[in-house]
Amino acid sequence: QVQLVESGGGLVQPGGSLRLSCAASGSIFSINAMGWYRQAPGSQREWVAAITSGGSTNYADSVKGRFTISRDNAKNTVYLQMNSLKPEDTAVYYCNANLQTTGWLHGMDYWGKGTLVTVSS
């Protein structure tokens, strides 16, 4: 079994910053890639950022230049540094990982339960 647990969400003023963390635990053999998605009230879930095991990163156009995704492979943890936050960034942020478990050595997607980020004055 694998668990992804997000943390770091909260209330922040426009222009402020937050750092989200997501720690993966369980019978993990290897992590191929990790990423972040978000879902705003009344909206579809959208992809935000991704990072491969080799460190390559990609971002949605809406967050380029403001968000930075990073990883700590030793801790099986991915981070999302969010700067210059806007009200439209308000959403539940979900962590995603494509990984191989010791019981199934093929890449599978796992999801965290989400952490709420509210950007408001």
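Rounding to the nearest 0.5 Å places CG of N83 at 8.5 Å from CZ of F67. A distance of 9.5 Å separates CG of L80 from OG of S21, quoted to the nearest 0.5 Å. Here Q100 contributes atom CD and N32 contributes atom CG; the two are 5.0 Å apart, rounded to the nearest 0.5 Å. How far CG of N76 is from OG of S25: 8.5 Å, rounded to the nearest 0.5 Å. Here OH of Y59 is found 10.5 Å from NZ of K64. Values are rounded to the nearest 0.5 Å.
Minimum interatomic distance between Q39 and Q44 (heavy atoms only, all atoms of both residues): CG-C, 4.1 Å. The two residues I69 and M34 make their nearest non-hydrogen contact at CD1-O, 4.0 Å. Taking every heavy atom of both residues into account, S53 and I31 meet most closely at CB-O, 3.4 Å. Here the closest heavy-atom approach between residue S120 and residue P14 is recorded as C-CD, 3.6 Å. When all heavy atoms are compared, the tightest approach of L18 to V117 is CD1-CG1, 3.8 Å.
Although no hydrogens or angles enter the test, the distance criterion places no donor-acceptor pair under 3.5 Å between the side chain of W36 and the main chain of R38. Checking side-chain atoms of T90 against main-chain N and O of V119 turns up a donor-acceptor pair under 3.5 Å.
Taking Q13 as the reference, nothing meets the side-chain hydrogen bond (donor to acceptor under 3.5 Å, both in side chains) condition, with sequence neighbours excluded. Under the rule for a side-chain hydrogen bond (donor to acceptor under 3.5 Å, both in side chains), N58 has no partner lying at least two apart in sequence or in another chain. Partners of R45 according to the side-chain hydrogen bond (donor to acceptor under 3.5 Å, both in side chains) rule, which considers only residues two or more places apart in sequence or in another chain, do not exist here.
For the ring pair (Phe, Tyr, Trp, His ring centres under 6.0 Å) condition, the pairs that include at least one residue of residues 100-121, sequence neighbours left out, are Y37-W111, W104-H106. Sequence neighbours left out, not one pair with a member in residues 68-95 passes ring pair (Phe, Tyr, Trp, His ring centres under 6.0 Å). Among pairs with a residue in residues 85-121, those fulfilling disulfide (SG to SG under 2.5 Å) read C22-C95, at least two apart in sequence or across chains.
Of the charged side-chain nitrogens involved, none lies within less than 4.0 Å of a carboxylate oxygen, so that K86 and D89 do not count as a salt-bridged pair. Comment: E6 does not engage K113 in a salt bridge, judged by the lack of any side-chain N to carboxylate O separation of less than 4.0 angstrom.
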